[in-house]
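Everything below concerns the one structure shown next.
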Amino acid sequence: MDRSGAFLQLQIRQTIVTAIEDGRLPLGMRMPSSRDLAAVLKVARNTVVIAYEQLVDQNFLVSRQRSGYFVAGLSKKVASARPKPAEAVSRDDQSWSARYAIRPSVQRNISKPADWQAQPYPFIFGQFDPSLFPTNDWRESARAALSVPEINNWARDLIDGDDPALIEQLQLQVLPRRGIHARSDEIMTTIGAQHALYLIATLFISGQTRVGIEEPGYPDARNIFRMLTPDVTPLRSDVHGLLPDETFASCALAYVTASHQCPTAAVMPLQRRLELLQAAKAGDVVLVEDDYEGELMPEAAALPPLKSLDRDNSVLYVGSLSKTLAPGLRLGYVVAPAPVIRELRALRRLMLRHPPLNNQRVAALFIGLGHYRSHLAQVGRVLLERAKILDRLLPVHLPDCTFSRGQGSTNYWIACPEGTDTTQLAQAALAQGVVIEPGAVFSMDENVSRHCFRLGFSSIRTDRIEVGVEKLGGVIADHLGRRP
């Protein structure tokens, strides 16, 4: 039993149903008494009773007075006809590799320990903190979406359309907070921002397209582009973000994270944003603006995204609800000129038609009921408190390192002394329960940022930050060969 997972009663039902379906519990078999099964599973007897009664209602079990519960799931004919699962046959990887058109598995990707949530000090960027998720508000929205009228709205197939309620809420409450005003035919939802980037890349990039990406930059965007063209070029950045130089002007399409540069968290000042837009217009460069973090932490007056300043339709804007709520939600969106959205919808239809409409409707209700606004305010206060703690602790416990974090960002970009291998450092830190993200993967030449790492604070509990930073400082000191 997974004590931290779904309701125990649901786990019991699911296990029994699976055992009946695959024939491990044959027709007519007597089930353990509710008292005995409760004792074995170490759960309340009433939990087992409820599970049994639900299975009786579903005709998986039958109840016989003074005799107990018996399996009534599959007929004997079906059970006997069910074939045994075939044993897995190993395939020679070499025989398959010659058939692959691409090899995504060999690309360098951001890697996190599979059990990072079980670690006491997870300094992971952009991940889920259960203490900050608005459980009750989301549950209210989900219940509302399960009413009969709402089900009639979202259960149908919209082919290449979106839930009009979510599009409306994006127009009214989400985008205006970023200074963006768009018509409904200029917005499309996606399965997260990653899906949006893949669609845009597929639509605009051919084998001869020159694509620019910030250096260092977002590895997944770089990998998407590299699957479509060999001409992916690094674009120079400084403390203010992307530089609109000659290399930038030579690109047909350029990926940019202006609000908080990934991974350095640099905030592009207004003048640089205007210069970038002017250079894009002059060079006929399409800008893909990934506003992945948006306004999650209102630490200072928010600068307008490139999209809100764009007067020449040069910017394709990618946003997400996943960072503000939970990554597993997988709801993103694209804002672009109507002709582009029309083509993106046609392309999305070939991939998955549209994101699940039940999820879209829950999100629309969550925003429309005012929960989104109050959630942002609550999360912003907590993250700002964590940032202030780290601002105080990092110079004390990491004296050999330099670090930067643009206002409003939820991560630090930390540079250790040259020659430091932060991949090895991350392994040593993990042994102390501290999770950090090595920096080599963010650069096209991994040696450029091998001595750097990203330190996020959206997923670590506030009361664990100080001990976690102290432990990290000790690991770095040991790695550099000096006493902490």
Side-chain angles (χ1 to χ4, degrees), residues 175 178-183 185-188 193 196-218 221-222 224-226 228-294 302-319 333-344 406 443-444:
L175 293 171
R178 301 295 290 139
I180 297 172
H181 301 278
R183 303 192 311 266
D185 63 349
E186 296 175 324
I187 307 170
M188 184 188 79
L197 294 176
Y198 196 96
L199 287 168
I200 290 171
T202 305
L203 182 62
F204 282 92
I205 299 175
S206 68
Q208 293 76 43
T209 306
R210 189 173 204 198
V211 180
I213 185 168
E214 300 159 319
E215 175 67 11
Y218 183 38
R222 182 178 70 232
I224 290 171
F225 301 151
R226 277 181 159 173
L228 299 168
T229 178
D231 196 1
V232 178
T233 186
L235 301 178
R236 290 196 307 127
S237 300
D238 60 13
V239 293
H240 298 308
L242 182 63
L243 286 162
D245 56 13
E246 296 81 4
T247 305
F248 168 82
S250 69
C251 297
L253 182 143
Y255 173 84
V256 58
T257 51
S259 295
H260 298 119
Q261 201 276 332
C262 175
T264 67
V267 176
M268 185 181 291
L270 179 60
Q271 185 58 39
R272 175 69 61 83
R273 297 181 191 218
L274 296 173
E275 292 170 0
L276 191 65
L277 287 169
Q278 184 60 38
K281 179 183 178 181
D284 197 23
V285 181
V286 174
L287 289 172
V288 179
E289 180 182 18
D290 188 350
D291 197 21
Y292 62 93
E293 206 169 29
L303 288 168
L306 295 172
K307 183 62 179 176
S308 69
L309 301 169
D310 181 25
R311 300 295 176 266
D312 303 295
N313 285 335
S314 300
V315 179
L316 310 179
Y317 179 86
V318 175
Y333 48 90
V334 180
V335 182
V340 175
I341 293 295
R342 183 169 60 248
E343 294 300 327
L344 287 174
S443 291
M444 295 181 71

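Residue indices begin at 1 and follow the sequence shown.
Heavy-atom minimum distance, Val318 versus Ala196: CG1-CB, 3.8 Å. Between Gly207 and Thr229, the shortest heavy-atom distance links the atoms O-OG1, 3.4 Å. Across every non-hydrogen atom of Ser259 and Arg178, the tightest pair is OG-NH2, 3.1 Å. In plain terms, the two heavy atoms of Arg272 and Pro244 that are nearest each other are CD-CD, 3.7 Å. Across every non-hydrogen atom of Ile200 and Leu316, the tightest pair is CG2-CD1, 3.8 Å. Here the shortest heavy-atom pairing between Ile213 and Tyr218 reads CD1-O, 3.6 Å.
Counting heavy atoms from C-beta on, the side chains of Val211 and Thr233 never come closer than 4.5 Å. Considering only heavy atoms from C-beta on, Lys307 stays 4.5 Å or farther from His181 through its side chain. Between Arg273 and Leu303, some side-chain heavy-atom pair lies under the 4.5 Å cut-off. Within the 4.5 Å cutoff, side-chain heavy atoms of Met188 are placed close to those of Leu199. Side-chain atoms of Leu203 and Val340, non-hydrogen and from C-beta on, do get closer than 4.5 Å to each other. Put simply, the side chain of Leu344 reaches to within 4.5 Å of the side chain of Val334, judged on heavy atoms.
Among Leu235, Leu276, Asp238, the one residue that satisfies the side-chain contact (heavy atoms from CB on, under 4.5 Å) test with Leu243 is Asp238. None of Glu214, Glu289, Met268, Glu293 except one satisfies the side-chain contact (heavy atoms from CB on, under 4.5 Å) rule with Thr257; the exception is Glu214.
Expressed to the nearest 0.5 Å, how far CD1 of Ile180 lies from CG of Asp291 amounts to 6.5 Å. A distance of 12.0 Å separates SG of Cys251 from CD of Glu246, quoted to the nearest 0.5 Å. Taking CD1 of Ile205 as the reference point, atom CZ of Arg210 lies at 13.5 Å (rounded to 0.5 Å). The distance from atom CG of Asp231 to atom OG of Ser250, rounded to the nearest 0.5 Å, is 8.0 Å. We find the OH-CD1 distance between Tyr317 and Ile187 to be 11.0 Å, quoted to the nearest 0.5 Å. Within the model, atoms CD of Glu343 and CZ of Phe204 stand 9.0 Å from one another, a figure rounded to the nearest 0.5 Å.
Put simply, the side chain of Glu186 gets close to the backbone of Arg183: a donor and an acceptor are under 3.5 Å apart. Remark: side-chain polar atoms of Gln261 are paired, donor with acceptor, to backbone N or O of Pro216 under 3.5 angstrom. Listed for the Asp312 side chain is no donor-acceptor partner under 3.5 Å among the backbone atoms of Ser314.
Tyr198 is linked by a ring pair (Phe, Tyr, Trp, His ring centres under 6.0 Å) to nothing, counting only residues two or more places apart in sequence or in another chain.
Screening residues 250-284 for ring pair (Phe, Tyr, Trp, His ring centres under 6.0 Å) gives no qualifying pairs among residues at least two apart or on separate chains.
For Asp284, the CG atom sits in a loose shell: 12 or fewer heavy atoms of surrounding residues, nucleotides or ligands are nearer than 6.0 Å.
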